[in-house]
Amino acid sequence: ALERLFGYDLGMWGRGSSSTAATEADRVVLAELAADAVIENRAAYRKVSACAGLWEAWIERDVQLGNGDFHDCGNNALAEIGLRLGCSRTIAENTAALGMDLRLRYPRLRAAFAAGELDQARVAAAAGRMCGFSLDTVAAVEAEVLAAARTLSPGPLGSEIDAILMRTAPDEYAELRADTKMFRKISKRALGDMARLQVDLEPDEAEAAWQRVCEVADTVCRYDRRARQYRLADAFTAIMHGETA
């Protein structure tokens with residue numbers, strides 16, 4: 001099961017030196033982990049599907065009311081979902097929207113998710129990358145996307161799907177990606193005694209910013225004892241103050 005889910009050869013366990021070889025007890029635990037992952041994925045699918053069904057039902061209730069008696073049932077459904085799941089309205093909406101997309105646009109991903117073969121993170125990454133593309137394009141690439149999703153984590157998976165879409169529908173890809181500048185944003189949120197500043201940029205902009213921070217971080221004395229991440233954060237702060245080192 002682990003070989004199928006994670007794409008590596010369990011035969012390597014037990015080969016090599018005795019200090020690195022897995023024991024039979026290790027194999028049992030690994031098998032249990034794989035089985036638990038499948039159960040967890042199936043449960044996640046049921047949750048996503050239920051959120052979508054509830055959201056859709058309440059939206060249809062809005063439509064049926066008519067006569068100007070509008071209760072905004074769609075938003076009410078998301079509020080109820082967020083309450084039951086202990087999450088924000090945004091996460092509730094993303095969860096319900098994913099379930100809706102799986103039913104209407106991505107039958108192969110939906111089937112694999114329902115079977116427990118994919119986790120929600122990879123399914124969401126795949127669905128997000130194909131968002132906005134025509135149903136014909138989705139139908140043409142979904143099998144290849146599913147194959148990639150079986151072996152790649154969400155980050156590399158997104159890049160692989162971009163490559164698939166660019167190769168399959170270059171004109172559509174260029175048109176959709178031309179609008180990405182509209183989604184550039186910056187946000188700040190508290191993290192206990194710390195805070196997080198997050199910036200969403202185009203890939204080339206993000207790469208340039210990252211390289212600049214790294215360059216400034218590398219201007220310290222070679223005996224500096226600060227950890228790499230600490231120095232990167234200090235470099236970012238230095239840049240914000242107009243400093244170059």
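Position 1 is the first residue of the sequence, and the numbers go up from there. Note that these values count all heavy atoms, side chains included, but never hydrogens, waters or copies made by symmetry.
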Quiz item: For Arg89 and Asn75, what are the C-alpha separation, side-chain angles and deciding distance, and is it a side chain to side chain contact (heavy atoms under 4.5 Å, CB included)?
Solution: CA-CA 9 Å; Arg89 182 196 176 283; Asn75 279 324; 2.3 Å; yes

| said: Quick check: is Phe236 connected to Ile186 through a chain of hydrophobic side chains (ILVMFWY, heavy atoms under 4.5 Å apart)? | reply: yes

Interatomic distance, CZ@Phe133 vs CG@Leu165, rounded to 0.5 Å, equals 4.5 Å

- [ ] Using modelled atom types only, decide if a donor and an acceptor are shared between the side chain of Glu142 and the backbone of Arg108 within a distance under 3.5 Å.
- [x] yes

Rounded to the nearest 0.5 Å, the CG atom of Leu85 sits from the SG atom of Cys51 at a distance of 5.0 Å

> Do Leu197 and Phe183 share a hydrophobic cluster, counting only Ile, Leu, Val, Met, Phe, Trp and Tyr and linking them when any side-chain heavy atoms are less than 4.5 Å apart?
Replying inline: no

Less than 4.5 Å apart, any side-chain heavy atom of Leu146 and any of Tyr106? no

Discussion item. Would you say Tyr45 and Arg110 are linked by a side-chain donor-acceptor pair, where the criterion is simply a distance under 3.5 Å?
Written reply: yes

**Message:** Hydrophobic cluster membership, with links at side-chain heavy-atom distances under 4.5 Å among I/L/V/M/F/W/Y: are Leu176 and Met166 in one?
**Reply:** yes

| said: Run the side chain to side chain contact (heavy atoms under 4.5 Å, CB included) test on Lys47 and Gln120 for me, step by step, so that the C-alpha distance in whole Å, both residues' side-chain angles and the decisive distance to 0.1 Å come before the verdict. | reply: CA-CA 10 Å; Lys47 178 186 71 176; Gln120 185 172 340; 3.8 Å; yes

When Ile239, Thr244, Leu232 are each screened for side-chain contact (heavy atoms from CB on, under 4.5 Å) with Val216, the one that passes is Ile239

Residues Ala238 and Ala245: closest non-hydrogen pair is CB-O, 4.2 Å

Verify same cluster id: Leu104, Trp55 (apolar side-chain graph, 4.5 Å): yes

Q) When you measure from the side chain of Asn41 to the backbone N and O of Ala37, does any donor-acceptor pair fall under 3.5 Å? A) yes

Is it the case that atom CZ in Arg228 sees more than 12 heavy atoms from other parts of the structure closer than 6.0 Å? yes

dist Asp119:CG -> Arg42:CZ (nearest 0.5 Å) comes out at 14.0 Å

Rounding to 0.5 Å, atoms CZ (Phe113) and CZ (Arg46) come to a distance of 10.5 Å

Practice prompt. Verify, without hydrogens or angle tests, whether Arg122 (side chain) and Pro154 (backbone) share a donor-acceptor contact under 3.5 angstrom.
Written response: no

- Query: Would you call Tyr173 and Thr168 a side-chain contact if the rule is heavy atoms closer than 4.5 Å?
  - Reply: no

More than 12 foreign heavy atoms under 6.0 Å from CD of Glu175: is that the case here?
no

In this structure, CG of Leu102 is separated from OG of Ser49 (nearest 0.5 Å) by 8.5 Å

Check your understanding: Has the side chain of Arg189 got a donor or acceptor atom that lies under 3.5 Å from a matching backbone atom of Arg196?
Key -> no

Between Leu109 and Ala127, the two heavy atoms sitting closest are CD1-N, 4.4 Å

Ile81 and Ala92 have their tightest heavy-atom pair at CG2-CB, 3.8 Å

query = Are Leu201 and Trp210 connected in the hydrophobic side-chain network, where two residues link if heavy atoms are under 4.5 Å apart?
reply = yes

Do you see a donor-acceptor pair shorter than 3.5 Å between the side chains of Thr137 and Glu172? yes

Test side-chain contact (heavy atoms from CB on, under 4.5 Å), reference Val145, set Arg129, Glu160, Met130, output is Met130

**OP:** Compute whether any side-chain donor of one residue and acceptor of the other, for Glu215 and Gln211, lie under 3.5 angstrom apart.
**Re:** no

When every non-hydrogen atom of Ala115 is compared with those of Val38, the smallest separation belongs to O-CG1, 3.8 Å

Q. Thr23 and Asp26: side-chain donor and acceptor closer than 3.5 Å?
A. yes

With side chain to side chain contact (heavy atoms under 4.5 Å, CB included) as the criterion, how do Arg167 and Glu144 come out once you've worked through the C-alpha distance, each side chain's angles and the decisive distance to 0.1 Å?
CA-CA 12 Å; Arg167 183 180 68 248; Glu144 192 173 357; 2.5 Å; yes

Taking every heavy atom of Leu118 against every heavy atom of Ala149, the minimum-distance pair comes out as CD2-O, 3.4 Å

For Ala52 and Ala96 the tightest heavy-atom approach is CB-O, 3.3 Å

Is there a side chain to side chain contact (heavy atoms under 4.5 Å, CB included) between Trp58 and Asn76? Walk through the geometry before answering.
CA-CA 8 Å; Trp58 285 39; Asn76 289 345; 3.5 Å; yes

Query - Under-4.0 Å salt bridge between Glu205 and Arg184 - result: yes

Rounded to the nearest 0.5 angstrom, the CG-CZ distance for Leu30 and Arg27 is 8.5 Å

Is it true that Arg231 and Asp234 make a salt bridge, defined as a side-chain N closer than 4.0 Å to a carboxylate O?
no

- Look at Glu56 together with Arg103 and state whether they make a salt bridge at an N to O cut-off of under 4.0 Å. yes

